[in-house]
Amino acid sequence: MTRITIAAAILAASLVSAPAMAGVQDDVNLCIEALEQQAPYSVTDFRFRGVSGASVKTITFEARSDSEDRYVDCEVRRGRILDIVWQ
């Protein structure tokens with residue numbers, strides 16, 4: 001009985017977290033598309049560095065190029081980009 005309860009709890013947790021992670025992935029993809037269009041210099045690669053926030057997510061990337069590497073924050077809320085800040 002205990003194994004069934006633990007298995008059910010693990011299954012429930014995975015079902016709850018899967019849609020949340022899908023939303024974050026959608027936001028990451030949205031930001032990358034915008035960053036590719038708005039990059040102030042020739043960027044060869046965007047590397048995901050982290051996400052913070054709840055209703056407004058701040059997604060941080062490292063923008064890499066041959067000449068320099070910079071960090072960029074992309075603020076997203078409900079599937080819409082609010083701001084992009086190059087550091």
Side-chain angles (χ1 to χ4, degrees):
M1 189 71 164
T2 305
R3 288 184 184 181
I4 294 173
T5 306
I6 293 172
I10 292 171
L11 178 62
S14 67
L15 292 175
V16 169
S17 66
M21 290 306 294
V24 171
Q25 185 61 48
D26 291 342
D27 292 342
V28 167
N29 292 337
L30 180 69
C31 284
I32 288 176
E33 288 175 15
L35 293 173
E36 287 174 343
Q37 294 175 1
Q38 298 179 11
Y41 58 95
S42 178
V43 175
T44 57
D45 188 27
F46 288 100
R47 295 191 181 186
F48 173 79
R49 291 298 176 210
V51 63
S52 62
S55 65
V56 175
K57 292 180 187 73
T58 301
I59 304 171
T60 303
F61 297 92
E62 182 180 0
R64 305 189 74 169
S65 72
D66 294 334
S67 60
E68 66 178 305
D69 297 343
R70 292 171 61 183
Y71 283 90
V72 60
D73 291 332
C74 178
E75 293 181 355
V76 180
R77 182 175 188 191
R78 295 184 181 170
R80 295 181 52 197
I81 294 176
L82 302 176
D83 196 13
I84 294 176
V85 180
W86 292 84
Q87 302 174 10

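Owing to the predicted nature of the structure, the values given are computational and were not obtained by experimental measurement.
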Hphob cluster co-occupancy, [X] + [Y], side-chain heavy atoms under 4.5 angstrom:
X	Y	result
V85	V76	no
F48	I84	yes
I32	V24	yes

Atom pair CG (L82) and NZ (K57), whose distance is rounded to the nearest 0.5 Å |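 That separation rounds to 11.0 Å.
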
Can you measure from CZ (R47) to CZ (F61) and round to the nearest 0.5 angstrom?
->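 Result: 13.5 Å between the selected atoms.
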
Are side-chain heavy atoms of V43 and E36 found at a separation under 4.5 Å?
->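 Sidechains of E36 and V43: no contact.
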
Pairing residues for T44 by the side chain to side chain contact (heavy atoms under 4.5 Å, CB included) criterion, not counting sequence neighbours =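 In terms of side chain to side chain contact (heavy atoms under 4.5 Å, CB included), with neighbours along the sequence ignored, T44 is linked to R64, D66.
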
Write down the atom of [X], the atom of [Y], and the distance for their closest heavy-atom approach.
X	Y	value
V56	E75	CG1-CB, 4.3 Å
S42	S65	O-CB, 2.9 Å
G79	D27	CA-OD1, 4.0 Å
A39	W86	CA-CZ2, 3.7 Å
Y71	T60	CD2-CG2, 4.0 Å
C31	I81	CA-CD1, 4.2 Å

Listed by chain and number, what are the side chain to side chain donor-acceptor pair (under 3.5 Å) partners of Q38, not counting sequence neighbours?
->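 Not a single residue meets the side chain to side chain donor-acceptor pair (under 3.5 Å) criterion with Q38.
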
Pairing residues for R70 by the side chain to side chain donor-acceptor pair (under 3.5 Å) criterion, not counting sequence neighbours |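 Per chain and number, R70 pairs via side chain to side chain donor-acceptor pair (under 3.5 Å) with no residue.
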
Take N29 and E33, measure what side chain to side chain donor-acceptor pair (under 3.5 Å) needs, and give me the verdict at the end.
-> CA-CA 6 Å; N29 292 337; E33 288 175 15; over 6 Å; no

